[in-house]
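Accompanying notes for the structure given below.
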Amino acid sequence: MPELPEVEVLVRQLDHLLRGRKVRTVKVRRRRVLGKTSPKKLAVALREATFTGVTRRGKFLLFNFLPAKTRTLSVLLGHLGMTGRMYLSPQDAPLPKHAAVVLDLGPENFIFEDTRYFGKFTLDTTPLARLGPEPFDKTFTSKKLAERLRNSSQPIKTKLLDQSVVAGIGNIYASEALFRAGVSPVTPARQLTPKQIKRLWTAIRQVLSQAIRFGSTVPLNYGGDNSKDNLFYFGTAAEASDFYEERLRVYDREGRPCSKCGTAIQRIFQAGRSTFFCVRCQN
DNA sequence: CACCATGTTCCTTG
DNA sequence: CCAAGGAACATGGT
């Protein structure tokens, strides 16, 4: 489930697992995820390189590493797309069907698997330049948000998915933030009142930080299934369903009662994607 | 078979 | 040049 909160929790795990680890070899099984970087270039850059840490920008993962030869700190950009996963796996474990890139770290492999291959694992960092502010950065103010919405006639839901407005919100948390703010997803961005924008600004930060907290406390799937050792994910596991109800109030709840007023949650399509909301509580 | 899915980028149109 | 809309990418679940 890769939106900002899921990426943040994963990044914390990977930072811990990869810091100080050295890469022996690089296997590229799906060229497409490398984007503009050639498999050879990636292999040369990473061979004998040491990871110095993993950080996040929007939904991107930044793998900082020290190459073997140049001694110049470099960065590898990762993105999970819709279905990407990254984890460590014992070297004798069979590779998953959709392993896109495998890094041999010695006793373990770092695996980037991605069923749909929409994700990225590349030395090309140009996508970062297009990102708007981090939701928790002090530069992301209510005023800043207002500025970015002022000239747009697009529905506010669609604008929230625009990573240049604010980085990290995806289809799930866009609906959730609008519900918390009591703002209708179909409102043209430029028509939001300052009061609504302030509520939305607060809701965005609340929804995201609550999800990070949830992801940090929910039991992680590090064992049980040998083939998924050290795999992190959360959200749909049956054990988590009790939390799930609390966590997502509108997303994927079409026809079910609004948690505030009981009215059936509606689903509409905007910019080719589903939006869920309460017609009574959001206007 | 039909439709839906956590995302980004590219192309076209106005 | 910019904003907006839609298709493309690729695979699997229901």
Side-chain angles (χ1 to χ4, degrees), chain A residues 1-11 29-37 56-61 77-86 96-101 112-122 124-132 147-178 185-191 204 207-208 210-212 214-215 218 221 231-238 240 244 247-255 267-276:
Chain A
M1 304 188 71
E3 293 184 31
L4 183 150
E6 294 76 20
V7 175
E8 175 62 25
V9 176
L10 174 62
V11 158
R29 303 179 79 228
R30 278 286 175 149
R31 194 184 227 285
R32 137 172 276 278
V33 303
L34 302 197
K36 290 174 184 162
T37 304
R56 181 191 59 73
R57 180 79 173 88
K59 300 171 197 170
F60 289 91
L61 300 96
L77 201 63
H79 197 290
L80 298 173
M82 299 274 266
T83 53
R85 289 178 170 180
M86 296 178 182
K97 182 177 181 184
H98 297 295
V101 179
F112 170 34
E113 75 167 299
D114 186 0
T115 307
R116 290 170 73 180
Y117 303 109
F118 287 175
K120 286 283 177 284
F121 201 70
T122 179
D124 173 21
T125 59
T126 54
L128 295 178
R130 294 191 275 269
L131 296 179
E147 251 171 57
R148 296 295 281 113
L149 300 179
R150 197 169 46 204
N151 295 314
S152 178
S153 60
Q154 278 189 309
I156 183 58
K157 155 63 162 40
T158 305
K159 280 317 260 186
L160 288 181
L161 296 182
D162 181 344
Q163 302 298 295
S164 72
V165 171
V166 53
I169 300 174
N171 205 41
I172 293 174
Y173 297 114
S175 283
E176 294 298 316
L178 287 164
V186 302
T187 310
R190 63 159 66 107
Q191 284 179 31
I204 287 167
V207 160
L208 297 179
Q210 187 204 304
I212 292 169
F214 172 80
V218 80
N221 185 9
L231 166 62
F232 164 77
Y233 70 84
F234 63 87
T236 55
Y244 197 80
R247 218 174 120 237
L248 302 181
R249 306 244 211 132
V250 290
Y251 184 80
D252 204 19
R253 292 179 55 87
E254 181 182 19
R267 174 166 70 146
I268 59 173
F269 284 91
Q270 297 181 283
R273 323 212 40 198
S274 288
T275 299
F276 299 86

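The chains referred to below are lettered A, B, ... by the order of the sequence lines, with proteins before strands, and numbering in each begins at 1.
Between the OH atom of A:Tyr117 and the CZ atom of A:Arg30 there is a distance of 4.0 Å, given to the nearest 0.5 Å. In this structure, A:Arg267 CZ and A:Phe276 CZ are separated by 5.0 Å, a value rounded to the nearest 0.5 Å. Taken from CG in A:Leu4 to CD1 in A:Ile169, the straight-line distance is 8.5 Å, to the nearest 0.5 Å.
Nearer to the 5' terminus of DNA chain C, by closest-nucleotide assignment, is the contact made by A:Arg148 (compared with the other of A:Ala271 and A:Arg148). The residue among A:Thr158 and A:Tyr117 whose nearest nucleotide of DNA chain C lies closer to the 5′ end is A:Thr158.
Heavy atoms of A:Gly170 sit under 4.0 angstrom from primed sugar atoms or phosphate atoms, though from no base atom. At the heavy-atom level, A:Ser274 lies under 4.0 Å from the strands shown only through sugar-phosphate atoms. Backbone-only engagement by A:Ser152 is indicated by non-hydrogen atom pairs under 4.0 Å involving sugar-phosphate atoms exclusively. Across all strands shown, A:Lys59 has heavy atoms under 4.0 Å from sugar-phosphate atoms exclusively, and none from any base.
Among B:dT8, C:dT11, C:dA4, the nucleotide with an atom closest to any side-chain atom of A:Gln154 is C:dA4.
Residue A:Phe118 and nucleotide C:dC9 are classified as a stacked aromatic pair, their ring centres being separated by less than 5.5 Å at an interplanar angle below 30°.
An OP1 or OP2 oxygen of B:dT8 is reached within less than 4.0 angstrom by a side-chain nitrogen or oxygen of A:His79. For the OP1/OP2 pair of C:dG12 and a distance below 4.0 Å, the side-chain nitrogens and oxygens of A:Arg116 include no atom meeting the criterion. OP1 or OP2 of C:dA10 has not a single side-chain nitrogen or oxygen of A:Arg30 nearer than 4.0 Å.
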